Structure formats: C-alpha cells, structure tokens
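See below for the structure under consideration.
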Amino acid sequence: MKEKISNLQLIFLIANFIMSAAIISLPQIIVHTGRQNAWLVPILSFPFFLLIIYLIFGKKGKAERFEHLFAIGKKGSLLEKGIIILFFFLALFIFVRDLRALVDFVASVLLPNTPINMLMVLSTLVIIYISMAGIEVIARINAIHFFILIIVVLFLPFLLLNELDAGNLQPLPGLRSFKALTKSVFISFSWIGELFFFILIIANVNPLKAARKAVITGTALGVFLFLIVLILNISVLGTKIVREAAYPTYVLVQQINLTDFLDRLDLVIVSVWIPVLFCKVAFLMYTINFCFSYFYNSNTNKFLPPIALTLGYLSILLFKNSMEHIHFSFYAWNSLGIFLEGCIVILFLFLKRMVLKRKEAKPANTS
Amino acid sequence: MDIAIVWLSLTIYVVIIFKAKIIDKKERKWVFLFIILTVGCTVLTGLHLSLNSVTVFLNDSFGRLSRMVVNI
C-alpha cells in the first residue's frame with residue numbers, strides 16, 4: 001500500500017528542507033556578500049520560488065494528475081527515469097554535505113574529544129533506523145520536532161531583546177546595495193531550492209487537491225524562519241562577527257542570558273535543532289533508497305544499511321578537512337545545486353505536459 | 001573503534017538477511033557488492049586515505065563558476 005502524508009506534514013517537511021541545514025553556516029557567506037542588508041535575501045528569493053511552484057502545479061485543482069507519478073513497479077517514461085537519476089544525485093550530494101556539516105558541528109562545539117568517524121557512524125545508524133520506517137514515520141517525527149523548533153525560533157527575538165542593536169542593520173538598503181544582494185540571492189538559491197524534493201513525494205500527499213497550498217505555505221514558513229534567524233544574526237552579532245564565525249547562529253544562541261544562572265540555553269536549543277536535521281538527512285536517505293527501488297522495480301529496504309554506511313563514510317572521505325567542506329558548501333554547491341534543481345524543474349514541466357496530454361487522450365479513446 | 005562497529009553491524013545485517021531468507025539468489029550479488037563497498041570505505045578511512053579529488057574537481061569547476069558570479 002502506498003504511504004500517505006498529510007498536507008501539514010508536507011508543510012513542515014518543506015520548511016525543514018529550507019531551514020534546518022541552511023542555518024548552520026549559510027548566514028556567514030550571505031552576510032559576507034550582502035553585508036548589513038543580507039536579511040533581505042529570503043524576501044527577495046521568495047517570489048522566484050513562488051513562481052516556480054505555480055509553474056509546477058499549474059492551475060488550481062489540477063494537482064490530482066500527479067497521483068501516479070514516480071510509482072514503483074510501474075513502467076515509467078524516459079523523462080521520469082531522468083528525473084529520478086537527477087534526484088538521486090541531488091539527494092546524494094545534499095546527504096554527504098549535511099551529514100558532514102552535522103558531524104563537524106558536533107565535533108567542534110559539543111563533543112570535541114570524539115573522533116568524527118565515530119560521530120558519523122552513530123549518526124548513520126540513527127538515520128538508517130528512521131529512514132527504514134518510511135516516509136510516513138519520517139514526516140511524523142519531523143512534524144513533532146519541527147513544531148518545537150518553530151516555537152523556539154519565534155521566541156528567539158524575545159530572548160535576545162536585550163542584545164539587539166538596530167544600528168547593525170544600518171545603512172539601510174538602497175539602489176547601491178542591489179548588486180551585492182543579487183549575489184547573495186544567487187548563493188542562497190540552491191539551498192532554498194532544496195524544497196523541490198516535494199516533487200518526488202507529491203504522489204504520497206493526501207489530499208492531493210490542497211498540495212499546492214501546502215507547498216506554498218511550507219516555503220513561506222521556511223523562508224520566514226530563515227529571515228528571523230538572519231535578522232537576529234546581523235542585528236545581535238553585527239556583520240563583522242557573522243562573517244568570521246564558523247557557526248554564527250550558534251554564537252547568536254550563546255548570547256541568550258535571561259538571568260545570572262540561565263545562560264547555557266544554547267545546549268537546549270541545539271538539542272531541539274539536531275533532531276530536525278536528523279529528520280532531513282533521514283528523508284534524504286529515504287529518497288536515495290526510493291531512487292534505487294524505482295529502478296529495482298520493488299519497494300525495498302534490503303540494501304539500505306550498507307548503502308547508508310557507504311554514503312556516511314563518503315561524507316568523511318570526500319572532504320579532507322572542514323575547510324574543504326565549507327568551500328564545497330559555499331561555492332561549488334551553489335552552481336551544482338542550481339544546475340541539478342534547474343534540470344529537475346525543467347524536466348518535470350515536460351513530464352507534467354506529457355501526463356496532461358495522456359489524460360486528455362484517454363477519454364477520447366474510451367469514447 | 002568505528003570500523004569495529006561498522007563491521008559488527010554488517011555482520012548482524014548479513015546474518016539477519018540470510019537467516020530470514022529475505023533475499024533470493026539474484027539479489028545476493030547486490031548485497032555482497034554493497035557490503036564490499038562499505039568495507040572498502042572503512043579500509044580507506046582506516047588507512048587515512050581521502051577521495052577528495054572528486055571534491056577538488058567540483059570546487060575547481062562549479063566552485064570557480066560561483067566565485068566568478070560572486071566576484072563580478
């Protein structure tokens with residue numbers, strides 16, 4: 001039986017794709033390029049994504065035609081196979097990038113004496129356990145943890161009220177800052193573009209009728225939360241610290257001191273955020289397994305443990321050190337991500353047209 | 001230590017998958033291929049070898065393109 005997820009779960013999943021990995025170190029490069037006006041980046045990129053979502057879904061109430069897309073065991077078209085291959089590479093690169101980012105973060109901030117190989121193996125075992133349960137379980141776990149993260153992020157401005165300095169946001173944006181902001185939007189595009197993973201699970205959404213609204217809401221939620229984090233990063237830390245800190249959001253959270261004895265809230269907040277990132281990486285593992293299953297013509301978890309462990313080790317082997325990982329995330333990933341995501345969207349638009357033509361031809365044949 | 005955990009996990013995986021007869025004869029080759037890949041990766045990590053030539057290539061090609069856009 002096909003696994004189903006609700007629209008609310010889809011909203012939280014999409015917001016997770018946009019926000020959970022991006023808050024680790026993306027503010028650093030965005031602020032480096034866009035300076036004090038970098039907080040405008042999520043607002044500027046949102047209309048682009050809105051337009052692409054409208055292009056993908058088409059007119060209201062037409063989402064039902066995606067019901068049988070990417071079905072395992074069914075003979076798919078060449079376009080479908082091409083999209084699945086592109087999704088496989090996209091998920092592979094993001095899996096390796098995010099798992100290494102998570103491991104590096106834990107190794108440098110939380111457990112400095114633990115070797116990263118050990119952290120990677122333990123994380124991969126957790127990811128295998130979650131992703132083997134399927135998309136329904138991943139979506140449920142994600143909904144619980146992401147809801148808590150939303151509350152935490154919405155409370156951050158109040159917790160940091162005593163540290164806010166509006167002067168850090170000045171001078172205000174003008175026409176001169178347009179060029180720098182465009183570059184920042186380019187940098188963030190591939191990261192926010194990870195929301196296109198919804199294409200792969202669109203057939204699992206129930207009811208499919210409201211999927212377009214759910215995708216737009218999820219994108220808006222993810223972008224809004226990222227906007228809050230960016231504004232706080234710049235206004236509390238200032239552009240100089242954000243540009244030079246490896247983990248600016250963690251430094252930001254460390255600034256919370258409510259009273260003399262409540263000044264280590266960073267650990268509490270990190271323990272809320274890490275499960276959300278685990279959900280994202282588990283979803284990526286599910287996606288990779290889904291791509292294998294599609295070509296294997298059977299929905300199977302048989303090969304998942306060794307594949308996950310191999311990819312986990314690749315996240316260590318592909319990057320000699322954390323600097324190489326940061327260079328990949330900040331520069332190589334921008335162009336590579338835009339290329340892969342762009343190809344997926346373009347091929348999907350062709351596929352949508354093909355499905356529509358096939359549906360129009362069917363009633364004519366039957367009559 | 002991490003290598004020991006991975007090898008132990010793989011052993012448990014193989015025992016479960018063969019005892020429960022989850023895989024047929026055709027699928028055996030895939031199971032062994034993926035296990036060999038994992039073991040190979042653990043050996044590479046144990047020998048402190050790196051596969052960063054892939055990342056270097058990506059950083060030089062796609063990374064350079066991004067840097068060009070950012071430095072305009």
Side-chain angles (χ1 to χ4, degrees), chain A residues 29 32-33 93 96-97 100 114-122 124-125 128 179-180 182-184 186-187 189-190 292 296 298 300-321 324-340, chain B residues 1-18 20-24 26-72:
Chain A
I29 185 75
H32 185 83
T33 322
F93 280 119
V96 168
R97 187 202 70 193
R100 182 60 188 260
T114 312
I116 56 166
N117 293 2
M118 200 65 207
L119 292 170
M120 180 277 297
V121 170
L122 295 176
T124 311
L125 291 177
I128 292 170
K179 198 173 155 186
T182 317
K183 289 175 191 172
S184 291
F186 168 77
I187 290 166
F189 212 82
S190 58
F292 268 111
Y296 196 69
S298 162
T300 178
N301 283 334
K302 288 173 199 169
F303 313 118
L304 198 142
I307 293 173
L309 285 167
T310 308
L311 293 181
Y313 268 101
L314 275 184
S315 71
I316 302 289
L317 289 167
L318 282 178
F319 309 104
K320 217 170 195 174
N321 47 45
E324 207 166 66
H325 171 255
I326 286 173
H327 269 272
F328 175 80
S329 306
F330 285 174
Y331 295 107
W333 179 245
N334 295 329
S335 305
L336 185 62
I338 288 174
F339 171 71
L340 288 171
Chain B
M1 182 68 180
D2 60 293
I3 296 173
I5 292 174
V6 171
W7 287 12
L8 185 70
S9 309
L10 286 176
T11 314
I12 295 168
Y13 164 74
V14 169
V15 168
I16 290 173
I17 219 161
F18 277 91
K21 291 177 182 168
I22 298 168
I23 53 158
D24 53 38
K26 278 183 187 172
E27 291 170 333
R28 274 184 199 172
K29 61 179 177 189
W30 291 108
V31 172
F32 286 125
L33 175 74
F34 289 128
I35 287 173
I36 289 167
L37 271 175
T38 316
V39 172
C41 284
T42 58
V43 171
L44 282 176
T45 318
L47 295 171
H48 298 287
L49 293 170
S50 178
L51 295 176
N52 73 324
S53 49
V54 180
T55 323
V56 169
F57 167 73
L58 290 172
N59 282 342
D60 285 347
S61 51
F62 287 99
R64 189 176 289 171
L65 196 71
S66 299
R67 269 191 217 102
M68 268 165 58
V69 175
V70 173
N71 293 331
I72 288 171

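This is a predicted model, so every value here is computed, not measured. Residue numbers start from 1 in every chain, and the chains themselves are labelled A, B, ... in the order their sequence lines are given, proteins ahead of strands.
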Flag yes if more than 12 heavy atoms outside B:F18 fall under 6.0 Å of its CZ atom; otherwise flag no.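 Above 12, so yes.
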
Chain B contact via [X] - side chain, backbone, both or neither, heavy atoms under 4.5 Å:
{"X": "A:L119", "value": "neither"}
{"X": "A:Y296", "value": "side chain"}
{"X": "A:F186", "value": "side chain"}
{"X": "A:I187", "value": "side chain"}

The criterion is side chain to side chain donor-acceptor pair (under 3.5 Å); which residues satisfy it with A:H32, sequence neighbours excluded?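 A:H32: no side chain to side chain donor-acceptor pair (under 3.5 Å) contacts found.
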
Centres of the A:F292 and A:F303 rings: under 6.0 Å?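 Not close enough - the centres of the two rings lie 6.0 Å or further apart.
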
Residues of residues 7-14 of chain B near chain A, each having a heavy atom less than 4.5 Å away: B:S9, B:L10, B:Y13

Is it the case that B:R67 places NZ or CZ above or below the six-membered ring of A:Y331, under 6.0 angstrom from the centre and within 45 degrees of the axis? yes

Contact part of [X] toward chain A, heavy-atom cut-off under 4.5 Å: side chain, backbone, both or neither?
{"X": "B:L65", "value": "both"}
{"X": "B:I17", "value": "side chain"}
{"X": "B:L33", "value": "neither"}
{"X": "B:V39", "value": "neither"}

With heavy-atom distances below 4.5 Å as the criterion, would you say the side chains of A:F319 and A:V96 are in contact?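 Contact flag for A:F319/A:V96 side chains = yes.
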
Could you verify whether a donor N or O on one side chain and an acceptor N or O on the other, from B:N59 and A:E324, lie under 3.5 Å apart?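 Their side chains do not contain a donor-acceptor pair, so the 3.5 Å distance test is not met.
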
